[in-house]
Number of protein chains: 2
Amino acid sequence: MSPTAQRQTAEERREAVLEASRKEFAEHGLHGASTDVIARAAGISQPYLFRLFGSKKELYLESVRRCFDRTLETFRTAAAGSAGHEALRAIGLAYGELIESDRVLLQAQLQAYAGCDDPDVREVVRRGFGRLVDYVEAVSGASPADVSAFFATGMLYNVIAAMEIENSDEPWARLLCEGCRGH
Amino acid sequence: MSPTAQRQTAEERREAVLEASRKEFAEHGLHGASTDVIARAAGISQPYLFRLFGSKKELYLESVRRCFDRTLETFRTAAAGSAGHEALRAIGLAYGELIESDRVLLQAQLQAYAGCDDPDVREVVRRGFGRLVDYVEAVSGASPADVSAFFATGMLYNVIAAMEIENSDEPWARLLCEGCRGH
DNA sequence: CACATAAGTGAGTTATCACTTACAAGTGAG
DNA sequence: CTCACTTGTAAGTGATAACTCACTTATGTG
């Protein structure tokens, strides 16, 4: 800490750490991420990170929660004012734009799914995903088959985006993207 | 190596290492896995692992290739003798059974998707996924929309299995699984 | 000004990381 | 038997991992 630096509240620092951890966890996952890198990026020392969050895993879980919160918020904003299948379509479009513009969020989600063999991670992912499903069902009033088809398309789109084949000219890639846009 | 142990060919050892690495990489991903743990599980010293594969990443890439090979083989076996939408249904069922019975394979796939921000991993995943799409399209003759809906359902099923909500009694979980079974 | 409390870090802990070097021993061919 | 080749490891490299301890310094309040 430089001598002229102003102190911040613990809450402000927590925010800074969570923001910094987004990228690191998205790129390397829970096990691969470095608390030292995160602390540096947040502008604090590594010991202070542990004072604020207790452990690397606690920080990760909070980071995953934020990730789902962000997605739900996007859903809400997109669906505002519409209902039924119109809302479904609006949410789908907004989600596509979201992960197209924020690859960090996309990576973070994929890491969270991959991290699901850890019970604590799984629990957080379940809660986050559950809230998304609940919301989509409530706002659209669609049938179980339609709601699950909606999320299926979303999961495929995640993988398409991860593989970065949106603009590929390979036949299988074009087929997959074309078919996906149809939904 | 115990004094009575028989020597094996390098090829046999490579197989043993690849088999051992499956689990470790599936659980922890490329960055989180330990070459020491893998070598021990394969019954060799850690230095020899590096002689056989060059680097941790090379081993990982080979492991991911195997993962997709295994899935494609399952597809082929399932579709044998059928065609059209009948083949699609047979492959879907076989895939469901595959990841239900082999959680390691499921985890390995999710880790591979999450690892896609690394260009080398992405390239291997692209190739593997592409072969799956090519095969499914060829054997089923289905439309792009149907093929992509098929893979979308598969991706959702991956996440359902990862979250372990197949037998959950939460409403959103039942809705998602029910809708998914309908496809 | 004094004092409790909160913010923040330097220096260390032990363990493990990927990877290398140098060397030993089994094995098949001539 | 011998010699080239392959299989295999013991012992180490420096770097970095998560996390702790002892300590300092700023800040709001009476």
Side-chain angles (χ1 to χ4, degrees), chain A residues 1-64 111 115 118-121, chain B residues 1-64 111 115 118-121:
Chain A
M1 189 178 167
S2 72
T4 60
Q6 295 276 16
R7 288 200 166 170
Q8 300 182 14
T9 65
E11 199 46 51
E12 284 170 324
R13 288 299 192 194
R14 282 182 60 99
E15 284 303 317
V17 171
L18 279 165
E19 178 52 33
S21 73
R22 254 172 57 88
K23 194 184 165 201
E24 178 70 8
F25 280 131
E27 280 176 13
H28 302 104
L30 166 56
H31 294 295
S34 158
T35 56
D36 196 56
V37 169
I38 295 171
R40 254 184 250 279
I44 62 166
S45 66
Q46 194 237 24
Y48 193 36
L49 182 151
F50 282 89
R51 252 261 279 279
L52 290 172
F53 287 92
S55 73
K56 183 190 186 183
K57 191 170 179 182
E58 277 304 316
L59 171 59
Y60 180 66
L61 295 178
E62 186 59 34
S63 177
V64 172
Q111 292 285 3
D118 178 295
D120 298 322
V121 175
Chain B
M1 188 176 168
S2 72
T4 60
Q6 296 277 20
R7 286 205 167 170
Q8 300 182 12
T9 65
E11 199 46 51
E12 285 170 324
R13 289 298 194 192
R14 282 181 60 97
E15 284 303 318
V17 171
L18 278 165
E19 178 52 33
S21 73
R22 254 173 55 88
K23 194 184 166 201
E24 178 70 8
F25 281 131
E27 280 177 12
H28 302 103
L30 166 56
H31 294 295
S34 158
T35 56
D36 197 56
V37 169
I38 295 171
R40 253 182 252 279
I44 62 167
S45 65
Q46 194 236 25
Y48 193 36
L49 181 151
F50 281 89
R51 253 261 277 282
L52 291 172
F53 287 91
S55 71
K56 183 190 185 183
K57 191 170 179 180
E58 278 304 318
L59 171 59
Y60 181 66
L61 294 177
E62 187 57 34
S63 175
V64 172
Q111 292 285 4
D118 178 296
D120 299 321
V121 175

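Lettering of chains follows the sequences in order, A, B, ..., and the numbering in each one begins at 1.
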| note | Testing C:dA7, D:dT9, C:dA18 for proximity to the side chain of B:Lys56, the answer is C:dA18
| query | Nearest nucleotide by nearest heavy atom, which residue falls closer to the 5' end of DNA chain D, B:Thr9 or A:Gly32? | reply | B:Thr9
| Taking atom types as they are modelled, is there a donor-acceptor pair under 3.5 Å from the base of C:dA7 to the side chain of A:Arg13? | no
| task | Just compare D:dA18, C:dG26, D:dA26 and give me whichever is closest to any side-chain atom of A:Phe50. | result | D:dA18
| said: Between B:Ile38 and B:Leu59, is there a side-chain heavy-atom distance shorter than 4.5 Å? | reply: yes
| message | Heavy atoms only, 4.0 Å cut-off, all strands: where does B:Gln46 land among base, sugar-phosphate and nothing? | response | base
| remark: In whole angstroms, the gap separating P of C:dC19 from NZ of B:Lys57 amounts to 11 Å
| Given atom CD of B:Glu11 and atom C1' of D:dG8, what is their separation to the nearest angstrom? | 17 Å
| So, is B:Ser45 close to the D:dG8 phosphate, meaning a side-chain N or O under 4.0 Å from OP1 or OP2? | no
| field | A:Phe25 to A:Gln111 - nearest heavy-atom pair and separation | value | O-CG, 3.7 Å
| field | d(CG, B:Asp36; P, C:dC19) in whole Å | value | 13 Å
| query | Rounded to the Å, how far apart are B:Arg14 CZ and D:dT7 P? | reply | 11 Å
| remark: Answer for the Watson-Crick or wobble partner of C:dG30, both distances under 3.5 Å, is D:dC1
| message | Should the side chain of B:Arg51 and the base of D:dG8 be counted as holding a donor-acceptor pair, with the cut-off at 3.5 Å? | response | yes
| task | Calculate the interatomic distance between B:Glu24 atom CD and C:dC17 atom C1'; express it in whole Å. | result | 12 Å
| Atom CD1 of A:Ile38 to atom P of D:dT16: distance rounded to whole Å? | 16 Å
| task | Round to a whole Å and report the spacing from OH of B:Tyr48 to P of C:dG26. | result | 15 Å
| field | 5′-ward residue of the pair A:Ile44/B:Leu30 relative to DNA chain C | value | A:Ile44
| Among the nucleotides D:dC21, D:dG8, C:dC17, which one has an atom lying closest to any side-chain atom of B:Ser34? | C:dC17
| remark: Among the nucleotides C:dA11, C:dC17, D:dA11, whichever has the atom closest to the side chain of B:Pro47 is D:dA11
| query | Do you know which two heavy atoms are closest between B:Asp120 and B:Lys57, and how far apart they sit? | reply | OD2-NZ, 2.7 Å
| message | Without decimals, in angstroms, what is the distance between B:His31 NE2 and D:dT16 P? | response | 15 Å
| field | For A:Gln46, all residues meeting side-chain hydrogen bond (donor to acceptor under 3.5 Å, both in side chains), sequence neighbours excluded | value | A:Thr35
| request: Report the C-alpha separation of B:Glu15 and B:Glu19 in whole Å, then their side-chain angles, then the decisive distance to 0.1 Å, and conclude whether the side chain to side chain contact (heavy atoms under 4.5 Å, CB included) test is met. | output: CA-CA 6 Å; B:Glu15 284 303 318; B:Glu19 178 52 33; over 6 Å; no
| said: Students often get this wrong, so: under 4.0 angstrom with heavy atoms, is B:Ala33 touching a base, only sugar-phosphate, or nothing? | reply: sugar-phosphate
